[in-house]
Amino acid sequence: MNNTILQFKGIGKSFPGVKALDNVSFEIKKGHVHALMGENGAGKSTLIKLLAGIYTNYEGEIYLDGELLKLRTPNDAQKHGISVVHQEIKLAETLSITENIFLGNLIYKKGLVDWKEMKHRAQAMVEGLGMDLEVDMPVNQLTVAKKQIVEICKAINHDCKVLIMDEPSATLTEKELKILFGIMDKLIKDGITIIYISHRMEEIFNLANTITVLRDGKHIDTLPVKECDRKTLIKLMVGRSIGNEYPKEEIDIGDVILKAEHLTRKKVFKDISFELRKGEILGFSGLVGAGRTEVMRALVGIDHLDSGAVYLKGKKILIKSFQNAIANGLGLIPEDRRQQGLVQIAPVKENICMVGRNKVTRHGLIQASMEKDMSKHYVDKLDIATPNIETEVQYLSGGNQQKVVIAKWLLEDSEIIIMDEPTRGIDVGAKSEIYRLMCALVKQGKSIIMISSELPELLGMCDRIMVMHEGKLVGEMAARKATQEKIMELCT
Amino acid sequence: GAKTEEEVTEKEGKKLKVGVALLYKGDEWLAAISDEYERQAAELGYEINVQDGNQDNEKQTQQIENFITQQYDVIIASAADAQGIIPAIQKAEEAGIPVVSTDTPIEYSYVSTCVAWDNYETGVKLGEYAKKYIEENYADKEKVNLVMINAPSYPHLVKRDEGFLSIINTIDKVEIIATQDANGSREVSANIINNNIAKGIDMVYGVVDNHAWGAVTALEEAGAEECAVLSCGGYGDEPFTALSENHKYYKALIVVPPVDVVRDSLAAAVKAVNGEELEDITNTSFGLADSSNVKDYMD
Amino acid sequence: MDTIKVNDRNTAIKYVGQQLSRFSKEYAAVFAILIMGLVFSFMSPYFFTAQNIKNIFLQCSALAIVAMGQAFIILNGQFDMSLGQCVCFTSAVAAYLMKIEGINPWLSILVALLLGCLVGLTNGVLFAYFKIPAFIATLGLQMICRSAAKIITNATPIARLPDDIAFLGRGYIGIFPICVIIMIALYIVGQFVSRKTRFGRNIYATGGGAEAAYFAGINIKKTYCLTFALGGLLAAFGGIILMSRLDSVSLTNGNLYEFDSVIACVIGGLSLTGGKGKVIGALFGVIFLIIFFNGMTMMNIDPFYQDAIKGAVLVIAVLLDVFRNKRSK
Amino acid sequence: MDTIKVNDRNTAIKYVGQQLSRFSKEYAAVFAILIMGLVFSFMSPYFFTAQNIKNIFLQCSALAIVAMGQAFIILNGQFDMSLGQCVCFTSAVAAYLMKIEGINPWLSILVALLLGCLVGLTNGVLFAYFKIPAFIATLGLQMICRSAAKIITNATPIARLPDDIAFLGRGYIGIFPICVIIMIALYIVGQFVSRKTRFGRNIYATGGGAEAAYFAGINIKKTYCLTFALGGLLAAFGGIILMSRLDSVSLTNGNLYEFDSVIACVIGGLSLTGGKGKVIGALFGVIFLIIFFNGMTMMNIDPFYQDAIKGAVLVIAVLLDVFRNKRSK
Ligand SMILES: Nc1ncnc2c1ncn2[C@@H]1O[C@H](COP(=O)(O)OP(=O)(O)OP(=O)(O)O)[C@@H](O)[C@H]1O
Ligand SMILES: Nc1ncnc2c1ncn2[C@@H]1O[C@H](COP(=O)(O)OP(=O)(O)OP(=O)(O)O)[C@@H](O)[C@H]1O
Ligand SMILES: [Mg+2]
Ligand SMILES: [Mg+2]
């Protein structure tokens with residue numbers, strides 16, 4: 001068995017109240033793309049963090065190239081040739097792109113940092129990923145997607161045997177993904193082993209040689225991708241089969257509720273006009289940097305609009321601030337769940353009740369009992385996996401965190417909910433739950449704007465799709481008539 | 001003196017407990033005072049507790065309250081705020097614990113006496129020295145440039161300035177080119193002199209010794225030809241040696257010997273415990289030291 | 001039936017255990033106080049006396065009120081270096097108005113309170129709207145307040161204030177000092193506000209994650225401003241109590257309160273990164289500090305050593321807190 | 001051909017413009033200094049003289065060295081409240097050893113430097129390994145250093161130190177004060193270390209994002225410890241220079257340096273959240289502060305007003321910085 005590079009034997013890892021990994025044993029073959037699959041909270045990232053030298057206290061043994069692996073720090077992991085793209089983007093925000101790419105791995109000439117060489121290489125690397133970025137720019141000025149690119153550059157910049165990517169695709173659109181896959185191909189040819197985590201099924205079937213499925217911290221199965229189809233995989237992951245992945249129902253679409261006219265913000269987007277009807281799900285598609293997020297931010301008063309008008313139920317309104325937008329019945333689920341979506345150190349219940357405070361307030365005072373009831377209600381309704389409602393949300397898995405974000409806007413009961421990448425990093429099971437929720441919402445007469453970089457879900461869930469490219473609207477089509485190819489053509 | 005002290009100790013059948021709420025301890029003179037209290041009390045067989053008020057009235061109030069709780073026999077206080085301390089004194093009064101003040105008089109009838117010298121007078125005395133110095137050394141100068149480095153945030157130190165100025169203002173040819181606050185810091189004082197040196201400085205007044213020495217540093221650094229640095233309060237080896245060696249700049253200093261202050265304060269405290277009537281002010285001696293007489297202060 | 005009963009008992013025990021551990025986690029300072037009190041009681045016969053305990057509370061009152069303001073600001077994720085000088089400046093204004101200008105004492109106090117608010121609000125505006133780091137903004141205001149206090153008092157204490165306001169710092173209801181009653185009442189209100197009102201929750205949310213709070217529709221700039229203003233108001237109020245207690249205002253009033261209040265908050269379990277801890281923790285922290293100081297004077301510790309001991313105790317207290325949190329996590 | 005030339009010129013102009021705007025962004029303090037210098041030159045005939053400029057640099061030296069340590073710590077994302085008292089404590093030890101114990105002055109200085117390192121290291125260990133917030137840890141050490149300094153000096157200045165060390169603070173090479181030469185040399189080394197060495201980049205990386213740095217294999221705990229130790233070392237070194245300049249150590253040496261150094265760093269463009277700015281900025285900040293003080297004393301501004309002016313200038317300086325950054329972004 002000399003083509004086995006990594007071997008997990010009886011791996012277990014516990015957190016207070018959770019057994020994140022439970023007696024997990026499997027092997028990874030050299031030069032393969034090995035996919036790790038599982039629902040949110042299945043323990044994938046935890047397993048990765050053991051390999052990255054972040055969690056050093058666990059049960060069981062890991063063998064790398066037949067040798068027992070004992071890591072004490074991330075630095076050890078690097079020395080063993082293990083390189084990781086973490087699920088949560090971790091960059092030194094004030095430093096330049098160059099320095100982040102070479103973080104912990106600077107190039108030295110005669111013992112001193114060789115800036116020229118590093119800049120040169122960084123530029124080449126970024127361009128190789130199809131990005132046009134000034135490598136002297138501090139990364140805190142980049143969008144999430146571009147930060148993700150920097151993360152990937154950083155990881156592949158190391159000389160490594162094993163490259164681990166924990167949901168690298170979550171923030172990328174098709175165009176960058178294609179480039180990324182190209183790079184992965186090249187790495188495989190160089191004999192590197194890749195561990196790949198993603199909730200996007202198509203990718204797995206295109207890329208992986210082998211799939212390992214985890215559920216509730218337990219190893220379920222490891223099998224060649226050839227022996228597996230979408231249905232079986234889902235069943236392995238979720239433990240049951242889920243019916244229709246996109247449970248879109250036909251409902252009557254009402255009058256125009258929101259109308260945007262010629263929205264313009266200099267240098268970001270220009271002349272954006274669209275209408276949203278009652279009971280409609282309106283999709284926004286586009287590549288990274290198309291400006292979808294920016295349009296929505298301006299629409300709800302977070303950013304300043306240079307010109308344009310917004311009409312709500314036919315009346316022209318002037319949204320001065322985000323609070324103002326909320327008061328007018330708009331809600332926004334932001335794309336950056338970690339920073340913007342949740343107060344990480346606050347309990348689940350406080351996060352759920354943060355927007356809809358008036359729903360738990362009597363006589364001007366917040367009622368602890370109502371707060372409890374309400375948050376319990378939504379934890380049950382959305383099936384949020386949490387030890388209890390007092391748990392700080394930072395300890396929940398990504399998918400469950402996203403459900404908390406959604407719960408908060410359900411409680412507020414907004415007329416119009418804008419969802420920016422609502423299913424980013426969410427497993428199939430949870431995704432279909434969120435889709436079901438969206439359907440339930442429109443059935444109640446609410447309207448949804450959904451920004452997504454996943455074309456299948458846009459096609460599956462929306463009534464109409466708007467396509468943006470470089471800050472302009474380049475097309476609009478009914479979802480029934482749209483295809484992936486048509487959209488891709490418009491936005492490139 | 002000595003007899004009454006013995007009487008007290010024997011009468012009570014236990015050690016006399018003296019609580020001292022000292023204004024501050026982070027300065028050479030006050031540190032010497034504190035040490036002197038410990039030394040003399042040990043000699044006399046008293047139990048003594050000297051606390052540092054850090055120039056903060058609230059802290060001193062707390063210390064006095066704590067002394068009262070611990071049933072000290074007498075409290076000696078040198079107050080950062082002579083009026084703000086009164087509520088604490090009133091508590092001592094309620095508890096029947098006599099209070100003696102030092103340094104700064106506390107205007108409250110219950111306070112037995114204040115062992116002190118007059119800060120204003122120290123300024124006057126230094127001013128007179130300055131006047132004499134100018135007459136003797138700067139007779140041919142048309143103008144004498146004076147820099148005052150003071151600490152206007154401390155009322156008792158302001159009194160010294162006032163005394164000094166009462167004489168200086170009578171000398172026409174003195175021009176005060178700067179009055180600046182060094183807040184006890186040598187570095188700041190040196191920088192102040194440094195910043196004004198281009199204007200030509202003939203005389204420096206330092207309200208405390210650190211100010212005077214900071215000035216000396218800056219003058220040495222600049223290699224000033226002549227300049228008289230006068231200190232309105234100081235004590236210890238550094239100034240005494242300088243004077244005895246006829247220092248180029250450092251010329252005179254006001255001295256209040258800690259031994260005297262402490263001796264008088266403890267004596268007054270004992271008298272207060274014994275219920276004797278005391279004068280409102282018990283004067284302690286202070287003197288002006290220059291190269292001619294500094295030997296008297298050194299031991 | 002039997003097994004169920006056992007389970008019930010076990011659950012009950014477990015529950016009590018959990019509650020205790022939770023209480024100990026939230027109120028570690030209380031235990032620290034009890035332990036320290038015990039030690040001092042053994043070492044000095046005067047410590048555990050009614051008079052001394054009254055003294056301790058009395059000595060707490062002004063600082064505790066200021067520390068409550070600091071607690072709100074810390075919960076909001078910042079801290080305020082100007083509080084100490086704000087105490088001094090505002091009470092100097094009150095004393096000046098009532099003593100030198102002969103204005104009605106209550107009116108003078110009102111002016112001082114408003115000024116306190118204004119100082120705090122300025123801090124808040126500089127921080128929230130002009131994006132100046134709070135440390136710098138409040139340091140700037142500290143210096144300005146200091147100057148203002150010097151100018152108003154001319155560095156001379158303003159003492160012997162009108163009798164009307166004496167009761168605030170020196171009055172009693174029965175055996176209970178009024179300033180202590182005020183302090184406790186304020187903390188009850190403060191704790192309540194922090195948990196039960198929208199404003200209080202906004203403070204926590206903003207402190208826990210400002211961006212997320214913003215995206216939950218909270219007006220974080222307004223929250224910052226209000227919190228700093230509240231801090232200034234409480235500083236002014238603490239200053240008034242102190243002024244009445246000492247019957248004077250001198251430049252040293254409120255000295256180092258900005259540090260002592262932060263220290264008290266940290267000992268009381270508030271996290272300096274914001275969003276975590278309870279307002280009431282600040283009170284426990286202040287009590288801890290005052291008992292500590294009280295004990296040191298009582299045991300006649302050489303003042304030169306007191307700072308060092310205070311520093312060491314501070315570090316150890318926080319260290320224990322860190323360990324406890326780690327274990328319980 | 002013609003159009004290409006025009007383009008070339010345009011590009012060149014654009015390039016120069018970019019460089020200028022970048023320089024102005026990074027070294028705003030330099031411009032502030034120039035402007036302030038200009039104003040003072042008009043207001044006082046003594047200001048723009050060789051002697052005064054020499055004086056300004058002389059007054060900078062000790063604080064600037066300490067501020068460099070603070071700059072490293074700030075770049076690392078923390079700040080150190082103990083630096084001022086560390087200056088006092090370590091130089092007191094040096095003075096005590098050489099003057100009272102009669103030990104070789106250079107050996108005494110070595111001991112002081114090692115002690116400075118140790119104080120810094122303690123701060124670092126408390127922060128990095130024991131997870132005590134840096135503010136609290138360094139505040140604790142500040143108190144401990146203060147006590148130690150009091151005990152060593154018995155609050156009495158130790159003056160008239162051996163002549164061997166006089167040149168450090170009072171010597172000249174030609175017309176250049178040695179302490180100024182040392183200061184400039186240190187800044188050149190410091191700037192170089194921060195840009196070009198592994199340690200320097202680790203400081204930036206850790207300050208810019210501690211978790212990212214850790215995940216990238218940087219030993220962040222070690223980095224924190226080394227940085228704090230460096231801060232302590234530089235504080236001790238600054239203390240030695242100050243001691244030699246004043247030919248004495250008293251308790252007020254290094255007073256408030258912890259604040260002045262932070263202020264200097266912020267004025268010099270360092271971000272308090274870490275990872276942003278340049279070490280050399282601290283020097284510009286210190287020069288700014290000293291020129292400011294120089295001008296105020298030269299113009300004999302009432303000391304009561306100086307604090308307020310200083311506070312206001314601090315806020316305005318940072319405000320301008322904020323606006324400039326915003327515009328250029
Ligand atoms: N630091 C932590 N403290 C406490 N619990 C944790 C911690 N990290 C993870 N967990 C818990 O461990 C379980 C596994 O989490 P993990 O992040 O590995 O899931 P995942 O499979 O990566 O999910 P996702 O697809 O949502 O990223 C979850 O229940 C999570 O709540
Ligand atoms: N902080 C920022 N600083 C500078 N430019 C920015 C910043 N944020 C966004 N932009 C610019 O705004 C434009 C749109 O950004 P963004 O990538 O968020 O669009 P998007 O369509 O929402 O993409 P996605 O949602 O896929 O990330 C891009 O040109 C981007 O460079
Ligand atoms: Mg994960
Ligand atoms: Mg976006």
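Reminder, nothing fancy here: chain letters follow the sequence lines and each chain counts from 1.
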Bottom line for D:D302: the part with an atom under 4.5 Å from chain C's heavy atoms is neither
Taking every non-hydrogen pair under 4.5 Å, which of D:L319, D:V266, D:D307 racks up the most with chain C? D:D307
Need one label for D:A148: side chain, backbone, both or neither, based on atoms under 4.5 Å from any heavy atom in chain C. neither
Here the pair of heavy atoms bringing D:P133 nearest to C:L272 is CB-CD1, 3.8 Å
Of all of C:I309, C:I263, C:L314, which one pairs up most often with chain D through heavy atoms under 4.5 Å apart? C:L314
Evaluation steps, side-chain contact (heavy atoms from CB on, under 4.5 Å), between C:Y305 and C:M296: CA-CA 10 Å; C:Y305 288 83; C:M296 288 215 293; over 6 Å; no
Would you sort out whether D:Y224 and D:T206 count as a side-chain contact (heavy atoms from CB on, under 4.5 Å), showing the intermediate values? CA-CA 8 Å; D:Y224 282 126; D:T206 309; 3.5 Å; yes
Give, as side chain, backbone, both or neither, the part of C:V315 having an atom under 4.5 angstrom from any heavy atom of chain D. both
Do the rings of C:F259 and D:F259 sit parallel, tilted or perpendicular, given the 30° and 60° boundaries? tilted
Atom group of D:L126 that falls short of 4.5 Å from chain C, counting heavy atoms: side chain
Among residues 69-96 of chain C, residues within the sub-4.5 Å heavy-atom range of chain D, in order of number, are C:F79, C:M81
Within residues 135-143 of chain C, which positions have a heavy-atom distance to chain D below 4.5 Å? C:F135, C:I136, C:A137, C:L139, C:G140, C:M143
